[in-house]
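Below is one structure; the comments refer to it alone.
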Amino acid sequence: MEKPEVKYLKDYRPPAYWIDNTELNFDLQETNTLVKSVLNIRRNNDLSDKTIPLVLDGKNLELLFVKIDKKHLDSDKYQINSENLTIYDVPESFSLEVTTKIQPQNNTSLEGLYKAGGIFCTQCEAEGFRKITYFPDRPDVMSKYSCTITADREKYPILLSNGNLINSGMTDQNRHWAQWEDPFKKPSYLFALVAGDLVYIEDFYKTKSGRSVTLRIYVEHMNIDKCGHAMQSLKKAMKWDEDVFGLEYDLDIYMIVAVNDFNMGAMENKGLNIFNSKYVLAKPETATDIDFWNIERVIAHEYFHNWTGNRVTLKNWFQLSLKEGLTVFRDQEFSSDMTSRPVKRISDVRSLRSFQFPEDAGPMAHPVRPESYIEMDNFYTMTVYEKGAEIIRMIHRILGKQGFRKGMNLYFKRHDGQAVTTEDFVKAMEDANQADLRQFRLWYSQAGTPEISVKRAYNHKNKTYSMTFTQKCPPSPGMSEKKAMHIPVAVGLLDKAGNDMPLQLAGQDKPEGTTILLNLYKTTQTFEFVNVYEPPVPSILRGFSAPVKLRAEYTSREQAFLLANDSDEFHRWDSGQRFFAGTMINMVQGKIKNHDPDVLGAIIEPFRKTLLSTELDKAFISHVLTLPSESELGILISETAPIDPELIHQVRRFITHAIAKALKNDFERIYQDNQEKGLYNIDAESIARRSLKNLALSYLGMLETPEIIKIACNQFNKAENMTDEIAALGVLSHIQCSEREKAIDDFYQKWKSDTLVLDKWFAIQAGSQIPGIIDKIKELLNHPDFSIKNPNKVRALVSSFCGMNPWQFHHISGNGYKFMTDRILELNAINPQIAARMAGIFNHWKKYEPSRQKLMKAELEKIINTPDISRHVYEIVSKALV
Ligand code: B3K
Ligand code: ZN
């Protein structure tokens, strides 16, 4: 194939033409859909060159007519190729009418306008609008849209687009139309259209200034009883944004549509969010506690985009983190306020370390503001989203809550209605606080995870304690030298009794609290504390104040001490994880013997103490007692040695089994004590109780005794909520017994008409630890309820296998790898975005031991040598092979 073009930030140029108004007209049909667009175009007079032709983006479109100021344009006046429509010699301002023909029913990429499950819907971000009509498909061209949709009345009774419904009517007996108008200017990526046989629930929200907003959630008929939680979440999010940021919703109606076929979680189209049904539909019988939380989070995230993304949008796609990092930070804060702040922080950091850190150390490593891309869709990454949110969180910490709010206010005051950059954001934060974030900006431009090491020394005579921090950042693709960054490190000191010491830095006249923010600016920097009455144990990087790898060289005794005593719950959890991980890694590396009773005792005692604590929050206990996963252990090991997934699997299994055996009675008691009492509830406390109970069950499951199988079957059969039902099925899924087969069968029979619940059924089987499960997975590919065209099904069956079952995916036969390559190639032709996501599974091939490296490399080569490989997949695989 030809090498695809690389786009660079440094090549950014302002648009040559503005589009003041966009009038769209859709004639939706079963075979050919006609799209007519009328654009009011005006030359950008800021540019000195007045001869630049008008270049519009367009892909997979059949051009029917072009008119300028209502007159047909002869075909020698324009040029079309597979990417653009170019018109030469256009007036300074004019109206352009373009009519194109598309086939949404054949569009399996789920980008642009597509029809799936009988519903027409759109996904335009990042560059999907160009699959609908010719347009300057870039976020800095903001236009006012109106949209008229005509369709069969019976098949598509609901016709929606952005903004307000202006008018509607019938064209003949069978076809009807609706006209929508969005009063706010927006980039093309926020355009949306939906047409289908849907029903809705309706509610209202009164904004703080007293306006009433209509809220609607549209779903397929059979799901009407599963929208309540999403609606409550939306109202909570609207209220929270008013309370915390003073931000109010701006249109009279807010609509959410749930569809089953969707590439990602959801999309923030102005006034008309389109959601993967997974993040809308829930009732206790069908959705787990985690699902309920995720729905609340994603509904809030898309709602928050209305200000951070829609009203203030992006100048170009390199700025993606301007909206995504900021909006993730906002949704994290929202979830923290709705649930438990430390627990939320723990799970966010866990996922940052499991996915973003490896990304930042691999072939796809890129700065939070990338400098180049081949296919923008490949840059909706953990780095842009989650590391981007960490950057915002550091600014929040450095400036404080009020300073941050002042910065946000100034940002909106300056930039409402504009397309701007991350630089504009940082500038607003600086100007509102007279702060200096010059060095801090490196977080946007330098890829890679900084590593911090700490040397500490206590001076008995002077009662001083010094901490010397050294930072370095490993090289990343295209960036070998890194500059020292501004890193905020929150620190506390514990005395022997486990209490926080008052902290006084040399030069301060009195102690200032028990947690202090140390700002690192240099490669090496020393801080000295005075009046430290005894040698302390430091608690470093409290609350995970910066996205860095900390090499603090704690002894395991110190780790156990911090696990038992640290007042910072995040750091307490983190110390526990390091402690458990350290022991397991030593076993993997043969530094300690598996069966050494002292080693086991050293793990089991703190484990038991935490399990039986009556003071700690149960959700927190569950997090502490969830041992680092096989993948997490692999990531840690890969920093010093190659990964052997089989060995890691054996050690982790051995440890969990040993814990289960030693604490059997305790687990049984916890299991009994935390049974559901009274009505099912989804408040934080009930969720915590269920998670601890099900954690106990999963440890007990390791014992695989008839007694435990009976307990699990009992829970499975009696469960009245999906959390308990799927937890029990999960436990059974790993045990080879007839009860397992029966439970899997029963579950299918019970839920075969609920596609979202079936995703869980596929995922549980893909994650099963029974050896040779890959054969079952291959069989399931042919199951009538599986479809390779449905991204949720692919994620459930195929991605879960790689994610939940690393030792079988990495089986030394190479069968797991071959299986993945087959799926990637199959999807390459159907849905390149999803294919590219899956291809990323081979990104870390160099971190494995030699035989697996060789096998994975061969797969990558096979993929890249396949004819017709998409740009999406090419970008990922070619980078992995460098
Ligand atoms: N902005 C969308 C993601 C679009 C992904 C395009 N490939 C959802 C979100 O982050 O809110
Ligand atoms: Zn987002």
Side-chain angles (χ1 to χ4, degrees), residues 226-237 240 265 278-301 331-351 569-570 572-573 576 610-627 629 667 669-701 712 715-716 718-731 756-757 759-760 763-764:
K226 295 186 202 138
C227 305
H229 178 67
M231 185 62 93
Q232 289 317 310
S233 304
L234 175 60
K235 289 167 80 175
K236 282 190 197 170
W240 185 89
K278 179 179 162 59
Y279 293 110
V280 174
L281 305 177
K283 57 181 182 181
E285 295 83 348
T286 59
T288 63
D289 294 338
I290 308 268
D291 293 331
F292 274 92
W293 263 343
N294 280 333
I295 290 169
E296 187 178 82
R297 170 178 68 82
V298 180
I299 294 263
H301 178 99
D331 85 52
Q332 289 175 345
E333 285 299 291
F334 167 73
S335 295
S336 303
D337 287 347
M338 296 299 126
T339 57
S340 145
R341 185 164 283 273
V343 167
K344 172 70 179 148
R345 189 68 185 136
I346 288 168
S347 54
D348 288 342
V349 173
R350 190 160 209 159
S351 105
E569 279 161 293
F570 166 79
R572 191 167 182 171
W573 165 81
T610 312
L611 179 67
L612 301 181
S613 160
T614 47
E615 284 143 45
L616 294 170
D617 165 21
K618 288 176 178 170
F620 177 76
I621 298 180
S622 309
H623 274 286
V624 173
L625 301 186
T626 303
L627 297 182
S629 67
F667 281 128
R669 228 195 53 226
I670 293 285
Y671 181 74
Q672 291 311 338
D673 289 355
N674 287 286
Q675 289 299 317
E676 208 74 29
K677 292 183 195 82
L679 271 186
Y680 172 88
N681 219 318
I682 55 151
D683 55 56
E685 204 191 311
S686 313
I687 292 181
R689 185 167 37 71
R690 278 191 290 277
S691 78
L692 187 57
K693 174 188 73 182
N694 287 324
L695 183 87
L697 182 65
S698 75
Y699 274 102
L700 289 169
Q715 173 167 329
F716 176 74
K718 298 228 172 91
E720 286 173 3
N721 65 75
M722 185 50 73
T723 306
D724 286 345
E725 188 168 341
I726 205 78
L729 185 64
V731 167
L756 285 178
V757 180
D759 291 343
K760 300 184 193 302
I764 282 274

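A quick note: this is a predicted structure, and the numbers were derived from the prediction, not measured.
- Of all heavy-atom pairs between Ala282 and Ala287, the closest is CB-CB, 3.6 Å.
- Looking at heavy atoms from C-beta onward, Arg345 lies out of side-chain contact with Trp573 at the 4.5 angstrom threshold.
- Partners of Tyr279 by ring pair (Phe, Tyr, Trp, His ring centres under 6.0 Å), not counting sequence neighbours: none found.
- Under the salt bridge (charged side-chain N to carboxylate O under 4.0 Å, His left out) criterion, Lys718 pairs with no residue at all, not counting sequence neighbours.
- Partners of Arg572 under the salt bridge (charged side-chain N to carboxylate O under 4.0 Å, His left out) rule, at least two apart in sequence or in another chain, do not exist in this structure.
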Check the pair Glu569, Phe620 against side chain to side chain contact (heavy atoms under 4.5 Å, CB included), reporting the backbone distance first and the verdict last.
CA-CA 8 Å; Glu569 279 161 293; Phe620 177 76; 3.9 Å; yes
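- Counting heavy atoms from C-beta outward, Ser686 and Arg689 have side chains that approach closer than 4.5 Å.
- Leu611 and Ile621 make their closest contact through CA-CG2, 4.1 Å (heavy atoms, listed as atom of the first residue, atom of the second, distance).
- Applying the salt bridge (charged side-chain N to carboxylate O under 4.0 Å, His left out) rule to Lys760 yields the partners Asp291; only residues at least two apart in sequence or on another chain are considered.
- Residues passing the ring pair (Phe, Tyr, Trp, His ring centres under 6.0 Å) test with His229, sequence neighbours excluded: Phe292.
- Proximity of Lys693 to Asp724: side-chain heavy atoms (C-beta onward) are separated by under 4.5 Å at one or more points.
- Taking CD1 of Ile299 as the start and NZ of Lys235 as the end, the distance is 13.0 Å to the nearest 0.5 Å.
- To the nearest 0.5 angstrom, Phe667 atom CZ is 7.5 Å from Ser698 atom OG.
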Checking Lys344 against Trp293 for the side chain to side chain contact (heavy atoms under 4.5 Å, CB included) test, could you report, in this order, the C-alpha distance in whole Å, the side-chain angles of both residues, the deciding distance, and whether it holds?
CA-CA 11 Å; Lys344 172 70 179 148; Trp293 263 343; over 6 Å; no
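- In this structure, the side chains of Arg341 and Gln332 stay at 4.5 Å or more apart for every pair of heavy atoms.
- Looking only at side-chain heavy atoms (C-beta outward), Val731 and Phe716 stay at 4.5 Å or farther from each other.
- From Ile726, atom CD1 reaches atom CG of Asn721 across 11.0 Å, with rounding to the nearest 0.5 Å.
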Test side chain to side chain contact (heavy atoms under 4.5 Å, CB included) on Leu625 and Thr610 and set out the steps.
CA-CA 8 Å; Leu625 301 186; Thr610 312; 4.0 Å; yes
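- Other residues, nucleotides and ligands contribute over 12 non-hydrogen atoms within 6.0 Å of the CD atom of Gln675.
- Enclosure of atom CD1 in Ile290 is not indicated, since only 12 or fewer non-hydrogen atoms of other residues, nucleotides or ligands lie within 6.0 angstrom.
- For the residue pair Leu697 and Ala728, the shortest heavy atom distance occurs at CD2-CA, 4.2 Å.
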Salt bridge (Lys or Arg N to Asp or Glu O under 4.0 Å) between Asp759 and Lys278, intermediate numbers included:
CA-CA 10 Å; Asp759 291 343; Lys278 179 179 162 59; over 6 Å; no
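- Inter-residue side-chain proximity for Arg297 and Met338 is flagged as unmet; no heavy-atom pair is nearer than 4.5 Å.
- The side chain to side chain donor-acceptor pair (under 3.5 Å) test with Glu296 is passed by exactly one of Lys236, His301, Gln232: Lys236.
- Atoms OG1 and CD1, from Thr288 and Ile687 in turn, are 9.0 Å apart once rounded to the nearest 0.5 Å.
- A distance of 15.0 Å separates NZ in Lys283 from CD1 in Ile682, rounded to the nearest 0.5 Å.
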Residue pair Leu756, Thr286: steps toward the side chain to side chain contact (heavy atoms under 4.5 Å, CB included) verdict
CA-CA 8 Å; Leu756 285 178; Thr286 59; over 6 Å; no
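- At least one side-chain heavy atom of Arg350 sits under 4.5 Å from a side-chain heavy atom of Thr626.
- Considering all non-hydrogen atoms of both residues, Tyr680 and Pro284 come closest at CE2-CB, 3.3 Å.
- Nearest approach of Cys227 to Leu281, heavy atoms of both residues: SG-CD2, 4.5 Å.
- Asn674 and Ile670 make their closest contact through ND2-O, 2.8 Å (heavy atoms, listed as atom of the first residue, atom of the second, distance).
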Lys618 and Glu685: CA distance, side-chain angles, deciding distance, salt bridge (Lys or Arg N to Asp or Glu O under 4.0 Å) verdict
CA-CA 8 Å; Lys618 288 176 178 170; Glu685 204 191 311; over 6 Å; no
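- In this structure, Asp617 has no salt bridge (charged side-chain N to carboxylate O under 4.0 Å, His left out) partners at least two apart in sequence or on a different chain.
- Under the 4.5 Å side-chain criterion, counting only non-hydrogen atoms from C-beta, Asp348 is not in contact with Phe570.
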